[in-house]
Amino acid sequence: MPDWQGKSKGNPLLGYRIIFFVCTRLGVSTAYVLLRFVAFYYYLFSRRSSRNIYRYFRDRQNYGAIKSLLKTYRNYYVFAQSLLDKVIVMAGIENKFTYYFDGEQNLQDIAERRGGGILLSAHVGNWEAAGHLLSRLNTPINVVMFDGEYEGIKEFFEGITGRRNLNVITIKEDLSHIYIVGEALSRNELVCLHADRFMEGNKTMTREFLGSPAKFPEGPFALAAIYKVPVSMVFAFKETSRHYHFYGSEAIQREQYETKEDFVQRLMGVFVQHLEQKIKMYPEQWFNYYNFWE
Amino acid sequence: MHREIIIEKVNRFLVAEFEIDAGMITPEANLGETLGLDSLDYIDLGVVIESNFGFKVKHEDFATMETFQSLYDYVILHVGEKVQP
């Protein structure tokens, strides 16, 4: 079992407040410099996470030992930058970020159908930083997050920006969030789900991913099969310190003749293929700090 | 819609959707155990009922449906309500 417990380390609210303070008082460039030290601290003292990321570079990306060590530090730094960028964008702090939106029409097509849809993503890159572009779709969007990831974020962002047109659905142990997701889809809204992590007890399916078997949660794919809504794979990656590349794949939908199980298999296959392709393009932006292949 | 027609329709979509032998369905059999339902399957069942009978099932209502008979009764009750003027 992967040891992801649905909780992020430390105090996220304090972290977001510090980032907000530094960005607004000292500027984004200064904040990036400070992040180098923060990243180095985690590199040295988060041994378990560092070991898992190091193994990812060594075993899954086939890098040498020295390169893997350097990339592990680099991974922390890019992750810290991504968190900072997320705060800057979502809090509306003035910035010079530029975006390339690859496949926007695919998402527009889903939104214009007004029949609901699922956007599948993963803990890679930083789709939240480019996520405000989704507001151009002019349709309600629900983001499904683990309780631990969400803790503090809502309070922080609502405190500085007021309520946004982005609804967060938190994942509950009693699985009651599944009904909330279902209700959102019934209202023809878009639901964004991360389809790479799962909690103990969840149904999973195993797929070959970066050369080794890995488990993926069945839930997000089963929901798409049950509601027969179009599904797009969405990812956003940082390409330079100020530029993001957003990807939205062509929509996939369960065919009339297709059984639920067949569609779940097909969709998971396509998702894993997209994820693998993207993480080979942006290997530093893999942000699952546990043994994903355990 | 007649009671027998509703029961037949329910049984038909249960067999098709949950891929079980029709012989396993008896009024007194346990719904969850017979179909092997988990949370996602209950969502699925709700969607199938809605598409076949045109009314939404509240997820908390599934707690009252222990047997196939209670499922039939629930659907019959709501189909009856739907056709009321």
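Chain letters run A, B, ... following the sequence lines, proteins first, then strands; residues in each count from 1.
- Rounded to the nearest 0.5 angstrom, A:Tyr227 OH and B:Asp44 CG are separated by 9.0 Å.
- Heavy-atom pairs under 4.5 Å with chain B peak, among A:Leu223, A:Ile178, A:Val181, A:Thr259, at A:Ile178.
- Between A:Ile226 and B:Glu17, every side-chain heavy-atom pair lies at or beyond the 4.5 Å cut-off.
- Separating the CG atom in B:Asp41 from the NZ atom in A:Lys203 is a distance of 5.0 Å, to the nearest 0.5 Å.
- The number of heavy-atom neighbours closer than 6.0 Å to CD of B:Glu33, taken from other residues, nucleotides and ligands shown, is 12 or below.
- Atoms CD1 and CD, on B:Ile43 and A:Glu183 in that order, are 8.0 Å from each other to the nearest 0.5 Å.
- Surrounding CD of A:Gln105 are more than 12 heavy atoms belonging to other residues, nucleotides or ligands, all under 6.0 Å away.
- In this structure, A:Glu258 places its CD atom where more than 12 heavy-atom neighbours from other residues, nucleotides or ligands lie under 6.0 Å away.
- With rounding to the nearest 0.5 Å, the separation of OG in B:Ser51 from NZ in A:Lys228 is 6.5 Å.
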